[in-house]
Amino acid sequence: MIVTQADVMVTSPGRNFVTLKITTDDGLVGYGDATLNGRELAVASYLRDHVATLLIGRDPHQIEDTWQYLYRGAYWRRGPVTMAAIAAVDVALWDIKAKAAGMPLYQLLGGASRTGALAYGHASGFELPSLFDSIREHLELGYRAIRIQSGVPGLDTVYGVAKSPAMGERYDYEPARRSAAPTAEQWDTRAYLRHVPTVFEAVRNEFGPELPLLHDGHHRMTPIQAAKLGKALEPYDLFWLEDCTPAENQEALRLVRRHTTTPLAIGEIFNTAFDYQTLITEQLIDYVRSAVTHTGGITPMKKLFDFAAMYQIKSGIHGPTDISPVGMAAALHLDLAIHNFGIQEYMRHSPETLEVFRTSYTFTDGLLHPGEQPGLGVEYDEDVADKFPYDPAYLPVNRLLDGTVHDW
Ligand code: EZ4
Ligand code: CO
């Protein structure tokens, strides 16, 4: 079998997605997600202009060799654009291999280690009543674990919080906004640190001690601020505190870890195992947050999780709606197969997105399952996709109240 065609497809059913389609002379087709929110066309160009022709004539079964060829062969290693492009190729080849084997992909990764993958959803509200409503909605949908993001007194816009959920706005479809330039959000870390523990106290009082609760700090704290928050949240028994600091400085986590037993999750903006080296070997985190789509695909993610397992660190694969259903399916096959699964983020895609991407994964009683279709189990409808042309969208930027740009 050889690769005969590699097409890069961009569609925008409510938000932008980049998908690689690899076709073989046997007529098998594999899909890979190459979506990098807010910088989509850079990955599309990387694939179209620099990778597609290299794939033609290759044996699609040689996944490891193709991965190394693209990673080492580029000479310029790592980085989100390169690693998203390589991920798309890797996942598309795994899709083809599993289809050729007539098995769902998880079978090729070692088979199922569990009946389903525990998912967490995103509840949010500017005030406690709307936050409580959002939590109840998620419980009704079957979620057994919930991320909590709340407004902060004095701030008009806050990461992770739907502005008008009563108007039917779901935070899930955000935050890439369709505008010629990024929108601006505000931030005040001290106000946030004063407020968040009161929110978790109220949520625990209302919903009891059992429900696993998560929170995303979104890279906004210094190490000592993160340590303080982790400590303040200990009475509320979080499942994890995510991205408490901008963790490209891995050493920062030593200070946080010294001060708190709140479990820590990091890595949605990382793109290789090297980004985790200190964090894993020094056991500074509890959950690896990488997305399959942004970390080079299934091949390196399996290695990364096996490495993490030696230190009792678990998975918490990134699953926002800017990961396409193809990237989501790839995550679910890994979730089912690896031993050190922790939790899977699941925000649910919009109906328009699910018209383009026909998925066979399921969400039942709070657990996700990739389904039993051969391959990834996702089909891409090109006719529907063509109805939704690319539409530029940016993530917001964040400014402190005095105008200083802060981490978003
Ligand atoms: O803001 O993927 O934990 N989830 C997140 C996400 C990120 C988006 C950015 O594109 O932090 O919602
Ligand atoms: Co996050």
Side-chain angles (χ1 to χ4, degrees), residues 12 14-18 33-43 80-81 83-84 87 119-124 134 138 143 145-150 157-163 169-179 182-183 185 187 192 196 212-221 226 229 238-248 263-271 275 285-295 315-328 331 342-350 353 392-398 406-408:
S12 194
R15 66 182 318 144
N16 293 311
F17 295 108
V18 180
D33 178 24
T35 309
L36 187 61
N37 198 10
R39 295 293 184 272
E40 298 88 356
L41 298 187
V43 191
V81 175
M83 299 311 288
Y120 75 91
H122 285 204
S124 72
S134 176
H138 281 82
Y143 281 101
I146 299 182
R147 184 183 97 154
I148 304 290
Q149 304 294 134
S150 145
T157 49
V158 175
Y159 163 77
V161 185
K163 262 212 131 170
E169 177 190 318
R170 266 174 52 180
Y171 178 73
D172 314 34
Y173 301 160
E174 294 290 336
R177 310 240 162 82
R178 282 149 200 289
S179 52
T183 57
E185 291 189 353
W187 191 243
Y192 163 79
V196 175
L213 299 177
L214 302 84
H215 180 67
D216 194 344
H218 231 249
H219 329 275
R220 288 159 187 219
M221 288 166 271
L229 180 63
L238 265 61
F239 186 96
W240 78 33
L241 171 61
E242 175 185 344
D243 286 337
C244 61
T245 63
E248 55 261 62
L264 302 173
I266 274 187
E268 70 184 38
I269 65 167
F270 291 179
N271 43 69
D275 301 327
I285 58 170
D286 301 279
Y287 296 93
V288 164
R289 283 287 286 146
S290 271
V292 178
T293 301
H294 300 141
T295 314
S315 74
I317 299 183
H318 194 212
T321 44
D322 46 281
I323 298 294
S324 87
V326 170
M328 191 70 199
I343 201 165
Q344 173 65 53
E345 184 178 24
Y346 179 50
M347 290 165 75
R348 294 173 296 133
H349 287 102
S350 71
T353 298
Y394 283 94
L395 286 165
V397 293
N398 205 19
H406 194 64
D407 305 86
W408 182 80

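As the structure lists them, so they are numbered: ligands from 1, and atoms in each ligand from 1. Computed from a predicted model, the values in this text were never measured in an experiment.
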Numbering as shown, the atoms of ligand 1 that approach [X] to under 4.0 Å (heavy-atom distance):
X	result
R289	3 (O), 4 (N)
H218	1 (O), 5 (C), 7 (C), 11 (O)
R147	3 (O), 4 (N)
D216	3 (O), 4 (N), 5 (C), 11 (O)
E345	3 (O), 4 (N)

Expected output: side-chain [X] to main-chain [Y] donor-acceptor under 3.5 Å:
X	Y	result
S315	G342	yes
D33	S324	yes
H406	R220	yes
H294	T35	yes
Y159	D216	no

Tested for side chain to side chain contact (heavy atoms under 4.5 Å, CB included) against F17, the lone hit among D322, V326, T353 is T353
Angular separation of OD2 (D216) and OE1 (E268) seen from the Co ion (ligand 2), to 10°: 180°
Closer than 2.8 Å to the Co ion (ligand 2): does that hold for any N, O or S atom in E242? yes
D243 near the Co ion (ligand 2) via N/O/S, less than 2.8 Å: no
Taking distance alone, with N or O pairs closer than 3.5 Å, would you say W408 contacts ligand 1? no
Side chains of L229 and Y192: closer than 4.5 Å at any heavy-atom pair? yes
